[in-house]
Amino acid sequence: MLCTHIDEGTDDANTFLVRKTSYALGLAATLALSGCQSGADLGGLMSAGSSLAGAATMSDQQMQQLGDQTIAQLDSQNRLVADDSQYAQRLAKLTQGLETVDGHTLDYNVYLIEEMNAFAVPNGSIRLHSGLMDEMTDDEVRYVIAHEIGHVALGHSKRAFQVAYAASAAREAAAASGSNTAAALSSSELGDLGEKLINAQFSQSQESAADDYAIELMQRHDMNAEASVAALRKMEAKYGNNSSVFSSHPAAGDRAERLEASFQ
């Protein structure tokens, strides 16, 4: 919850400013600006709220540009599998026919990281960790891929990216350049943005929608959609039902039960 202490003597003026920026400040609250702030911090909160409002109005071209820059930085910070590796060859096989889905051009790759994880950038870049591929069967990996495509197709990744951008150092650089997106952000700014995107929170409704999308997509391509339940059970077994394999996602066990019921 965001609450603002207003000094007695300046009540009318500050209250007017708060009302004028209530929409932006409400958005700013989603950036973990929780708790109470002093009157001296009001300007900072307004600045953050304005930055998020600006991020929310970025054009698709700006979003694409910033997404391209961000994934390029993340790829440079992480160890990508070799093109002739078993991971790359397996991923190419699993994503055959999924190069473009529902108007979105997709790009896939694997990071050599033991953690079971995956994420998507709104420009269509999807990255899996090798640890996830080690733990899951082909059908289960297909579900994870379809789920991440769902986040892109349904606009969840775009909204998470907007929040991440508004919360990152990138927005300060962009503001200094006089544009919503800077022509060339520094590596540290892009790295900060990418980290916030990977750790972005999805709501339960978004996760359910992405799961439903994944099931429909898998069935459309004659894949074994019921493998989604097995994949989620593996996540639950490894990480428990309070924090799922995707650090940003709601409990895997609850999601598995919902999908399992839909197949009965």
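Quick caveat: nothing in here was measured; it's all calculated off a predicted structure.
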Tightest non-hydrogen contact, residues Y143 and A231, listed as CD2-CB, 3.6 Å
Notebook entry, point to check: Within the side chain of Y239, is there an N or O that forms a donor-acceptor pair under 3.5 Å with the backbone of A252?
Noted result: no
Check this for me: E216, atom CD, are more than 12 non-hydrogen atoms of other residues, nucleotides or ligands nearer than 6.0 Å? yes
For M218 and E226, run side chain to side chain contact (heavy atoms under 4.5 Å, CB included): C-alpha distance rounded to whole Å, both residues' side-chain angles, the deciding distance at 0.1 Å, then the answer.
CA-CA 9 Å; M218 294 179 75; E226 293 189 28; over 6 Å; no
Between K196 and D192, is there a salt bridge with N-O shorter than 4.0 Å? yes
Check: Do Q69 and L66 come within less than 4.5 Å of each other through their side chains, counting heavy atoms only?
Finding: yes
*Should R142 and H221 count as side-chain neighbours, where that means a heavy-atom distance under 4.5 Å?*
no
Is there a donor-acceptor pair under 3.5 Å between the side chain of T95 and the backbone N or O of L98?
no
Here the pair of heavy atoms bringing G150 nearest to A210 is C-CB, 4.5 Å
Under 3.5 Å side-chain donor-acceptor pair for S125 and N123
yes
- Query: Does the side chain of V141 reach to within under 4.5 Å of the side chain of R90, using non-hydrogen atoms?
  - Reply: yes
Would you check if there is a donor-acceptor pair between the side chains of Q64 and D60 at a distance under 3.5 Å? no
Any link between M63 and V152 through a network of hydrophobic side chains (Ile, Leu, Val, Met, Phe, Trp, Tyr) touching at under 4.5 Å?
no
TODO: Would you check if the side chain of R127 reaches a backbone N or O of D107 as a donor-acceptor pair within less than 3.5 Å?
DONE: yes
> Do other residues, nucleotides or ligands put more than 12 heavy atoms under 6.0 Å from the CG atom of D134?
Replying inline: yes
Notebook entry, point to check: Side chains of L74 and Y111: closer than 4.5 Å at any heavy-atom pair?
Noted result: yes
request  = Verify, without hydrogens or angle tests, whether S76 (side chain) and Q73 (backbone) share a donor-acceptor contact under 3.5 angstrom.
outcome  = yes
Check your understanding: Would L94 and M223 count as a side chain to side chain contact (heavy atoms under 4.5 Å, CB included) if you check the C-alpha gap in whole Å, the side-chain angles of each, and the deciding distance to 0.1 Å?
Key -> CA-CA 10 Å; L94 296 179; M223 299 176 184; over 6 Å; no
Here the gap from L106 atom CG to T100 atom OG1, rounded to the nearest 0.5 Å, amounts to 6.5 Å
So OG of S130 and CE of M116: to nearest 0.5 Å the spacing works out to 11.5 Å
Open item on the list: Within the 4.5 Å heavy-atom criterion, are R258 and Q204 side-chain neighbours or not?
Closed with: no
Report task. May I ask you to check whether H156 and E207 show a side-chain donor-acceptor distance below 3.5 Å? Result -> no
The residue among F161, F119, F202 that forms ring pair (Phe, Tyr, Trp, His ring centres under 6.0 Å) with H151 is F202
Separation between CD (E114) and CG (L132), nearest 0.5 Å, reads 13.0 Å
Value for CD (E115) from CD (E135), rounded to nearest 0.5 Å, stands at 12.0 Å
dist E140:CD -> K234:NZ (nearest 0.5 Å) comes out at 3.5 Å
What one should report as the nearest heavy-atom pair of S157 and A120 is OG-O, 3.6 Å
>> Check this for me: R220, atom CZ, are more than 12 non-hydrogen atoms of other residues, nucleotides or ligands nearer than 6.0 Å?
In response: yes
Heavy-atom closest pair (S85 atom, A82 atom, distance to 0.1 Å) is OG-O, 2.7 Å
**Asked** Do the non-hydrogen side-chain atoms of L128 and Y87 ever get within less than 4.5 Å of each other?
**Response** no
| query | What about I149 and V144, same hydrophobic cluster or not, with Ile/Leu/Val/Met/Phe/Trp/Tyr joined at side-chain heavy-atom distances under 4.5 Å? | reply | yes
To the nearest 0.5 Å, atom CG of D211 lies from atom CG of L232 at 6.0 Å
For the pair E195 (side chain) and L193 (backbone), establish whether a donor and an acceptor sit closer than 3.5 Å, ignoring hydrogens and angles.
-> no
